[in-house]
Chemist: 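Just dropping this structure here.
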There are 2 protein chains.
Amino acid sequence: MQTPPQTPPRMNATEQAYQAIRKEILTGRLEEGERLTETRLSDDLGMSRTPIREAIGRLILEGFVERQGGYTTRVAHFPEDEAEQVYEIRRLVECYSVQRAAKLATEEDIAALREIHAQMRRDTPPGDEAAYERLTSANEAFHRTIVAAARSPRLTALMTTALDVGMVVRTYSMFSARDLERSLAHHAEIIEAIEARAPDWAASVMSAHLLAGAWRVSVRSGGRRTEGEKADD
Amino acid sequence: MQTPPQTPPRMNATEQAYQAIRKEILTGRLEEGERLTETRLSDDLGMSRTPIREAIGRLILEGFVERQGGYTTRVAHFPEDEAEQVYEIRRLVECYSVQRAAKLATEEDIAALREIHAQMRRDTPPGDEAAYERLTSANEAFHRTIVAAARSPRLTALMTTALDVGMVVRTYSMFSARDLERSLAHHAEIIEAIEARAPDWAASVMSAHLLAGAWRVSVRSGGRRTEGEKADD
DNA sequence: TGCGCGTTATTTGCATACAGACTAGGCAGG
DNA sequence: CCTGCCTAGTCTGTATGCAAATAACGCGCA
């Protein structure tokens, strides 16, 4: 069984470039403020400048990259309270989404959510790096699916920005086993609320879910990113 | 005196193409579902395919255009309740923005808002098409300035999408003199609330402002777009 | 008449070339 | 030593060419 709302990974060069550059930024290999040049990137990634340009354009719209003056392109600077802001915004958008989803979700949507959830459950004992990768991307898929289930193309477009940015936070806060357990409980309850067609219930859980994440982040980092402190205990 | 948050209109070809195509869609000259080809657009706009491609890429991200299969590009289909959804989303984002703005806005931000407001006041007696154009774009600038004053790059990125989409609604609902008067009153009150550093007050007015807009739209159109019914009485 | 298939014509994706705009670095003058 | 200008080098914006993928069309067949 597959997850229908997910884009089948038909990766053209532009998409590849986008994913690659974004990942470099999210993992911190490309540092804040670092200068990007299309030529160097096209060399590094082994493709021409055209797909690089398109990828960078997208990253600029999403706020990961910024132009400075006419001819310099830099990795965007993320302010101290970035994480809190992101969670605040996500809370706005996703609570609304899940309310709509509770009214409009189809059986397929719910099945997809269940599937993702089961997948995350299986990966729960977090050990290796790969499992962590799968968990975070599954988590992202979960939230994306909910937004998609809200059946509002505008919300979906919005989430392209907001959720991607949410991943910035990923580097800041790694799941602890206990946090992960709670996240999964939240997810399960959200699914239940959607199935029950209970918008307010769903929204409340989502709100808690994201506030818990925000709090975890702010505590972990004390407002500052503490490099290398992967709390995957 | 200038409005600093506005981008100086240095229009390269890509930007021109983006503006042009978007306008065609917003005004309905390009109908929903109509097929777009890069070649035709580049001919029409008198430039090469490259800037057209970038413009289309942006419009896809924003949800104005969609790809269908591998090789067809169409003007996106806007669902019936588009307008309501857009206002709902804007309400989420802008109420939050104005709350932050009430805390963080600088004197320059407030001056900019005042300036835009005065400009709109001067244009108030709505007569010709040009004045209407100025009003709507000033209105957009007003809302953008508030979001910018919230000092959250993420919100700004989000608004790029949300506000643009809000403009789709523009075609649906034209201001009546009375609506315009009320809008201006709201704007004035919002400025006052920001100056008073009263986040909740500001948010409440913003909420009313956008709900009034949404209501106007849904009544005007009865849920359906009524072409040519410009109520600029 | 309706359906399926093969061929032609479009259309996009990517690569490359070139010109203009900007940045950086050094040199001269104060 | 600092400041301003000039020059060389770099980077982006745009145009154009080519190949692969797809869509459109028409024909044969049931």
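Proteins come first, then strands; the chains are lettered A, B, ... in the order of their sequence lines, and each starts at number 1.
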Chemist: Expressed as a whole number of angstroms, how long is the span from A/Gln16:CD to C/dG13:P?
Modeler: 15 Å

Chemist: So, are A/Arg58 and A/Glu54 salt-bridged, with charged N and O less than 4.0 Å apart?
Modeler: no

Chemist: Please determine whether a side-chain nitrogen or oxygen atom of A/Arg67 lies at a distance below 4.0 Å from atom OP1 or OP2 of D/dG13.
Modeler: yes

Chemist: In terms of side-chain geometry, is the basic nitrogen of B/Arg114 or B/Glu107 positioned less than 4.0 Å from the acidic oxygen of its partner?
Modeler: no

Chemist: When you check the phosphate oxygens OP1 and OP2 of C/dT12, does a side-chain N or O of B/Thr72 lie under 4.0 Å from one of them?
Modeler: no

Chemist: In whole angstrom, what separates B/Glu54's CD from D/dA15's P?
Modeler: 11 Å

Chemist: Could you tell me whether the side chain of B/Tyr71 has a donor or acceptor atom within less than 3.5 Å of a complementary atom in the base of C/dG13?
Modeler: no

Chemist: Side-chain atoms of residues 63-70 of chain A: list all donor-acceptor pairs with protein atoms under 3.5 Å, sequence neighbours left out, distances to 0.1 Å.
Modeler:
| from | atom 1 | to | atom 2 | distance (Å) |
| --- | --- | --- | --- | --- |
| A/Arg67 | NH1 | A/Thr73 | OG1 | 2.6 |
| A/Gln68 | OE1 | A/Arg74 | NE | 2.8 |

Chemist: By nearest nucleotide on DNA chain C, pick out whichever of A/Gln68 and B/Ile56 is the more 5' one.
Modeler: B/Ile56

Chemist: Could you state the atom-to-atom distance from OH of A/Tyr18 to P of C/dG13 in whole Å?
Modeler: 17 Å

Chemist: Any salt bridge between B/Arg49 and B/Asp43, counting N to O under 4.0 Å?
Modeler: no

Chemist: Give, ordered by number, those residues of residues 35-52 of chain B having at least one heavy-atom distance below 4.0 Å to an atom of DNA chain C; if nothing qualifies, reply none.
Modeler: B/Arg35, B/Leu36, B/Thr37, B/Glu38, B/Arg49

Chemist: In terms of ring plane angle, is the pair A/His143 and A/His209 parallel, tilted or perpendicular, where the classes change at 30° and 60°?
Modeler: parallel

Chemist: Any side-chain N or O of A/Arg53 under 4.0 Å from OP1/OP2 of D/dG13?
Modeler: yes

Chemist: Can B/Arg144 and B/Glu140 be counted as an ion pair, charged N to O under 4.0 angstrom?
Modeler: yes

Chemist: Can you see if the side chain of A/Thr73 gets near the phosphate of D/dC11 - specifically, an N or O under 4.0 Å from OP1 or OP2?
Modeler: no

